[in-house]
Amino acid sequence: MPEPHPPHRPASGRNDEHDDASDGGPLAGLVVVSLEQAVAAPFATRQLADLGARVIKIERPGTGDLARGYDRTVRGMSSHFVWLNRGKESVQLDVRSPEGNRRLRALVDRADVLVQNLAPGAADRLGIGSERLARDIPELITCDISGYGGTGPYRDRKAYDLLVQAEAGLLSITGTPGTPSKVGLSIADICAGMYAYSGILTALLERTRTGRGARLEVSMLEALGEWMGYAEYFTRYGGAAPARTGASHATIAPYGPFPTRDGRSVILGLQNDHEWAAFCETVLERPHLSDDPRFGGNADRVAHRAELDAVVRETTLALTAAELVGKLDGARIAHAGRRTMQEFSAHEQLRARGRWASFDSPVGELLGLVPPVTVGGRTPDRLRPVPALGEHTDAVLAWIETPREHAPEGGTS
């Protein structure tokens, strides 16, 4: 068994040329090889790249990651690809050819982490299945991301985000009473990617103590199922699922959008009976309603939601949005504006906190949000670039053919 590694080094020690973590982020020196497509795995590895890891993205020759073709809205590039692949190195490799497979194995041999969300069984056919690698390279961390997991009757099913939203019951509790609806972004993929990311960080921490890697497995169904926990408990023990209530909260009231006299909408939310009393006195100017048995507690307010909403709308429709916000602030009631995506991009809070930064791409300089975890109060002035298809192929293949003690440090700038 290898000797345990010093606690300050997340890397395995197999990559001597990636040893200095002083300037490139907490994961500088870590090599991640990823055979990834679409959203789930690329989301996980983008987080690792943001922390300074060298992420080598293996792409199919000629076409690359299928997400490259989702749309052309970012000056000809796909919005999904730009979002998910900043800070990575792109290597075109035909991993099914004998020479391409040899190079893939050489890359894996130099990696600290291998991530894949290939079709079921594909990793085993390529000779990089997690069981085999656990025997061959015990210090390697592998992370397999799939739709339904590696066992069970659904193991061979293809899984896309909307399909998993349906299988996890999310569609049944989202939307309006008459229209079950999907979440407007790839939530099943994203949550699977987040669990892969946190699992990899956990395995890296464990490896600093034991010197051994780990076999991680994340399924989209089980990841989204964890996020469905409250709804499952509510249904299992309450006898009925949370109702579909549009933009309002299914189990808290009043909590949702209310119209104002000037045609705008203000989202307000109350969490407890103290706030309800303040709301009645300062916003509704009807303090006696806090003693109304129909609205005595949150469960009562939810049970009488139609009557409650009518009372609240009577007040909000008599006020402009600015007047309503002033009253809500006076009562210390939480509220929000219903922003468009364009309004979100111009959000004054994000601008004030310096949350936007520039980065390079094959289509020129772009602007994106900096990683959401702020370390030491610092935010980067510039982010790492988005790679062109195969941009780093020659450099990476030369790196794996160079003896380790002579190999130059790679990585994106």
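Fair warning: this is a prediction, and the values are worked out from it, not measured in the lab. Computed over heavy atoms, backbone and side chain alike; hydrogens, waters and symmetry mates excluded.
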With the side chain counted from C-beta on, respond yes when Q349 and R353 share a heavy-atom pair under 4.5 Å apart, and no when they do not. yes
Could you tell me whether the side chain of R155 and the main chain of P120 form a donor-acceptor pair under 3.5 Å? no
Centre of W356's six-membered ring, under 6.0 Å away, within 45 degrees of the axis: is that where NZ or CZ of R351 sits? no
Is it the case that over 12 heavy atoms from other parts of the model lie below 6.0 angstrom from the CD atom of E131? no
Give a yes or no answer on whether the side chain of E217 reaches the backbone of C143 with a donor-acceptor pair at less than 3.5 Å. no
Check the pair L204, L30 against side-chain contact (heavy atoms from CB on, under 4.5 Å), reporting the backbone distance first and the verdict last. CA-CA 10 Å; L204 288 169; L30 191 84; 3.6 Å; yes
Considering all heavy atoms, the nearest T320-T260 contact: C-CB, 3.9 Å
T374 and R355: side chain donor to acceptor below 3.5 Å: yes
Minimal non-hydrogen separation, L118 against A123, with atom names: CD1-N, 4.2 Å
With a 3.5 Å distance limit and no angle check, can you tell me whether S290 reaches the backbone of P287 through a side-chain donor-acceptor pair? yes
Mark yes when over 12 heavy atoms from residues, nucleotides or ligands other than F295 sit less than 6.0 Å from its CZ; otherwise mark no. yes
Does E307 come within less than 4.0 Å of R301, counting only side-chain N to carboxylate O? no
Tested for side-chain contact (heavy atoms from CB on, under 4.5 Å) against I200, the lone hit among V218, T45, L216, T142 is L216
Is it true that, when you exclude D262 itself, more than 12 heavy atoms of the residues, nucleotides or ligands shown sit nearer than 6.0 Å to its CG? yes
For F359, does the CZ atom sit with more than 12 other heavy atoms under 6.0 Å from it, leaving out its own atoms? yes
Note: R68-E59 ion pair, threshold 4.0 Å (strictly below): yes
In terms of the angle between their ring planes, are H249 and Y230 parallel, tilted or perpendicular, with boundaries placed at 30° and 60°? tilted
Side chains of E89 and V396, heavy atoms from C-beta outward: is any pair under 4.5 Å? yes
Looking at R339, I'd like to know if its CZ atom is crowded, meaning that more than 12 non-hydrogen atoms belonging to other residues, nucleotides or ligands lie closer than 6.0 Å. yes
Are the charged groups of E365 and R382 less than 4.0 angstrom apart, N to O? yes
Is the side chain of R261 donor-acceptor paired with the backbone N or O of A318 at a distance under 3.5 Å, no angle test? yes
Taking atom NE2 as the centre, does H347 end up with more than 12 heavy-atom neighbours from other residues, nucleotides or ligands that are less than 6.0 angstrom away? yes
From the list E206, R207, R215, side-chain contact (heavy atoms from CB on, under 4.5 Å) partner of I141 resolves to R207
Without swapping roles, check the side chain of E275 against the backbone of Q271 for a donor-acceptor pair under 3.5 Å. yes
Could you pull out the closest heavy-atom pair between N85 and K57, with the gap in Å? OD1-NZ, 2.8 Å
Evaluate the criterion salt bridge (Lys or Arg N to Asp or Glu O under 4.0 Å) for residue pair D109 and R105; output intermediate values, then yes/no. CA-CA 6 Å; D109 188 55; R105 289 300 306 271; over 6 Å; no
If you take all heavy atoms of P254 and F279, which pair is closest and at what distance? CG-CE2, 4.4 Å
Please check if the side chain of R54 supplies one atom and the backbone of L27 the other of a donor-acceptor pair under 3.5 Å. no
Whether S90 side chain and G390 backbone form a donor-acceptor pair below 3.5 Å: yes
Partners meeting side-chain contact (heavy atoms from CB on, under 4.5 Å) with R96 (sequence neighbours left out): D94, L126
More than 12 foreign heavy atoms under 6.0 Å from CZ of R338: is that the case here? no
Donor-acceptor pair, distance only, cut-off 3.5 Å: does the side chain of D161 make one with the backbone of D189? yes
State which residues pass ring pair (Phe, Tyr, Trp, His ring centres under 6.0 Å) with Y197; sequence neighbours excluded, sorted by chain then number. none
Side chains of Q116 and D144: donor-acceptor distance under 3.5 Å anywhere? yes
Can you name the one residue among D273, L268, N272 that meets side-chain contact (heavy atoms from CB on, under 4.5 Å) with L270? L268
Report yes or no: is the cationic atom of R157 (NZ for Lys, CZ for Arg) under 6.0 Å from the centre of the six-membered ring of Y154, at an angle within 45° of the ring normal? yes
Answer yes or no for R103 and W399: cation-pi contact, defined as NZ/CZ to six-membered ring centre under 6.0 Å and angle to ring axis within 45°. no
H304 side chain to R294 main-chain N or O, any donor-acceptor pair under 3.5 Å? yes
Minimal heavy-atom distance between M228 and A168, with the atoms involved, is CE-O, 3.5 Å
N/O donor-acceptor pair under 3.5 Å between T174 side chain and S172 backbone: no
Between the side chains of R384 and D360, is the shortest nitrogen-to-carboxylate-oxygen separation below 4.0 Å, so that they form an ion pair? no
Exceeds 12 heavy-atom contacts within 6.0 angstrom, atom CZ of R244: yes
Closest approach of P42 to D65 (non-hydrogen atoms, all atoms of both residues): CG-OD2, 4.1 Å
